[in-house]
K.L.:
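Let me begin by handing over the structure; questions about it come next.
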Amino acid sequence: MKISQNTVVQLHYKLSDENGLLESSAQSEPLLYLHGHQNMLPAIEAALTDKTIGDKLDLVLAPADAYGERRDDAVQSVMVKHLQGAKKWKAGMTAVVETEQGPRQVTIVKIGMFKAEVDTNHPLAGKTLTFNFEVLDVRAASDEEIAHGHAHGVGGHHHH
């Protein structure tokens, strides 16, 4: 079976930048995702389309195809109480802030008593990223998975 719209794909991946490995599924569960539902970067979905079990793929993405270029005007001031993810904050830490567009990952630039300066660039913005994929399994998605827009099962989204 080939990877196409509404297939559930199980794969191992490695993600690297110019400084080396950032993350890998080898130490944990393979990644499971529903293809064609914006669960992956569009460039990754495009590259994986029509691949099948056992295929390996190396994909190098420029910032424009990954998490965008870094924007210098992306530093904003927020109230410390709006930062989620830790009790004590230090510069360089990553926090989550709820925005009108949903939760965003930000990096703390400077922290004060009540206000923090945060960089709203994605932590991987401005980086050329290398993805290595190995397709482990491809199957048709269930009606429920299609309705929910994500894969269920090992490595997928779990409902509690």
Side-chain angles (χ1 to χ4, degrees), residues 5-49 59-133 141-160:
Q5 181 76 21
N6 295 334
T7 55
V8 171
V9 183
Q10 188 181 43
L11 47 78
H12 267 308
Y13 73 92
K14 285 188 188 126
L15 167 59
S16 313
D17 68 6
E18 56 277 7
N19 301 317
L21 188 66
L22 296 172
E23 58 184 72
S24 165
S25 64
Q27 291 87 32
S28 58
E29 298 286 336
L31 179 70
L32 198 69
Y33 83 95
L34 177 61
H35 192 80
H37 288 259
Q38 286 89 48
N39 292 319
M40 298 283 251
L41 291 169
I44 293 176
E45 287 210 334
L48 286 169
T49 298
L59 186 63
V60 178
L61 295 185
D65 294 322
Y67 295 99
E69 296 291 351
R70 284 191 64 78
R71 293 192 336 273
D72 294 333
D73 64 351
V75 174
Q76 295 177 358
S77 193
V78 297
M79 298 299 286
V80 172
K81 66 179 186 221
H82 294 308
L83 301 174
Q84 301 169 16
K87 292 269 183 274
K88 284 180 98 83
W89 294 103
K90 287 196 199 73
M93 289 174 73
T94 303
V96 173
V97 179
E98 287 295 334
T99 71
E100 281 113 37
Q101 292 85 40
R104 281 206 59 167
Q105 245 189 349
V106 300
T107 306
I108 311 264
V109 179
K110 203 166 121 193
I111 191 91
M113 282 294 287
F114 303 105
K115 287 195 131 172
E117 284 183 22
V118 298
D119 183 342
T120 60
N121 282 302
H122 187 284
L124 297 174
K127 291 182 188 258
T128 295
L129 300 175
T130 302
F131 292 88
N132 310 98
F133 297 105
S142 69
D143 292 342
E144 187 187 24
E145 287 173 317
I146 293 167
H148 289 185
H150 54 241
H152 297 174
V154 177
H157 186 87
H158 300 285
H159 290 279
H160 297 292

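Since the structure is predicted, the reported quantities are computational estimates derived from the model, not experimental observations.
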K.L.:
Going from CD on Q5 to OG1 on T49, what distance comes out if it is rounded to the nearest 0.5 angstrom?
P.N.:
9.0 Å
K.L.:
Is a donor on one side and an acceptor on the other found under 3.5 Å between the side chain of T7 and the backbone of H35?
P.N.:
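Absent.
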K.L.:
Where do K14 and L21 come nearest, in terms of heavy atoms and distance?
P.N.:
CB-CD1, 3.9 Å
K.L.:
What pairs with R104 under salt bridge (charged side-chain N to carboxylate O under 4.0 Å, His left out), at least two apart in sequence or on another chain?
P.N.:
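If we apply the salt bridge (charged side-chain N to carboxylate O under 4.0 Å, His left out) test to R104, skipping adjacent residues, there are no hits.
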K.L.:
To the nearest 0.5 Å, how far apart are CD in Q76 and CD in E117?
P.N.:
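Interatomic distance, Q76 CD to E117 CD, rounded to 0.5 Å: 11.0 Å.
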K.L.:
Taking the inter-plane angle between the rings of F131 and F133 on a 0 to 90° scale, is it parallel (under 30°), tilted (30 to 60°) or perpendicular (over 60°)?
P.N.:
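Parallel: the ring planes of F131 and F133 meet at under 30°.
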K.L.:
Quick check on N19: does its CG atom have over 12 non-hydrogen neighbours (other residues, nucleotides or ligands) under 6.0 Å away?
P.N.:
yes
K.L.:
With a 4.5 Å limit on heavy-atom distance, are the side chains of T128 and V60 in contact?
P.N.:
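A side-chain contact exists here, since the closest heavy-atom pair is under 4.5 Å.
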K.L.:
So, applying side-chain contact (heavy atoms from CB on, under 4.5 Å) with Y33, which one of Q10, M40, H150 is it?
P.N.:
M40
K.L.:
Check the surroundings of atom CD in Q38: do more than 12 heavy atoms from other residues, nucleotides or ligands lie under 6.0 Å from it?
P.N.:
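Counting neighbours around CD of Q38, 12 or fewer heavy atoms of other residues, nucleotides or ligands fall under 6.0 Å, so no.
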K.L.:
Only distances under 3.5 Å count here; give the side-chain donor-acceptor pairs of residues 91-99 to other protein atoms, sequence neighbours excluded, each with its distance to 0.1 Å.
P.N.:
residue : atom : partner : partner atom : Å
T99     : OG1  : Q101    : N            : 3.1
T99     : OG1  : G102    : N            : 3.4
T99     : OG1  : G102    : O            : 2.6

K.L.:
Locate the shortest heavy-atom distance separating A116 from V80; write the atom from each residue and the value.
P.N.:
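Looking at all heavy atoms of both residues, the closest pair is N-CG2, 4.0 Å.
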K.L.:
From L11 CG over to I44 CD1, what is the distance, rounded to the nearest 0.5 angstrom?
P.N.:
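Atom-to-atom, L11:CG and I44:CD1 are 9.0 Å apart.
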K.L.:
Apply side chain to side chain contact (heavy atoms under 4.5 Å, CB included) to the pair L41 and Y67, showing each step before the final yes or no.
P.N.:
CA-CA 9 Å; L41 291 169; Y67 295 99; 4.1 Å; yes
K.L.:
So, using salt bridge (charged side-chain N to carboxylate O under 4.0 Å, His left out) as the criterion, who are the partners of D119 when residues are at least two apart?
P.N.:
R70
K.L.:
Please report the interatomic distance CG(L59) to OG1(T130), rounded to the nearest 0.5 Å.
P.N.:
8.5 Å
K.L.:
My understanding is that only residues two or more places apart in sequence, or in another chain, count here; which of them pass side-chain contact (heavy atoms from CB on, under 4.5 Å) with E69?
P.N.:
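Testing E69 for side-chain contact (heavy atoms from CB on, under 4.5 Å), a comparison that skips the adjacent residues, returns P63.
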K.L.:
Check whether any side-chain N or O of N39 sits under 3.5 Å from a backbone N or O of G149 as a donor-acceptor pair, and report yes or no.
P.N.:
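Indeed, once roles are kept as given, a pair shorter than 3.5 Å links the two residues.
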K.L.:
Report the C-alpha separation of H12 and N132 in whole Å, then their side-chain angles, then the decisive distance to 0.1 Å, and conclude whether the side-chain hydrogen bond (donor to acceptor under 3.5 Å, both in side chains) test is met.
P.N.:
CA-CA 8 Å; H12 267 308; N132 310 98; over 6 Å; no
K.L.:
Evaluate the side-chain proximity of V78 to V106: yes if any heavy-atom separation is below 4.5 Å, no if none is.
P.N.:
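No - every pair of side-chain heavy atoms lies 4.5 Å or more apart.
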K.L.:
Would you confirm whether E23, through its side chain, and L15, through its main-chain N or O, come within 3.5 Å as a donor-acceptor pair?
P.N.:
no
K.L.:
Quick one: pull up CD in Q84 and CD in Q105 and give me the separation to the nearest 0.5 Å.
P.N.:
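With rounding to 0.5 Å, CD (Q84) is 12.0 Å from CD (Q105).
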K.L.:
Sequence neighbours excluded, which residues qualify as side chain to side chain donor-acceptor pair (under 3.5 Å) partners of D73?
P.N.:
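Expected list: R71.
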K.L.:
Test of understanding: with side chain to side chain donor-acceptor pair (under 3.5 Å), list the residues that count as partners of H122, not counting sequence neighbours.
P.N.:
none
K.L.:
Would you give the length of the straight line joining atom CD1 of I146 to atom CG of L34, rounded to the nearest 0.5 angstrom?
P.N.:
6.5 Å
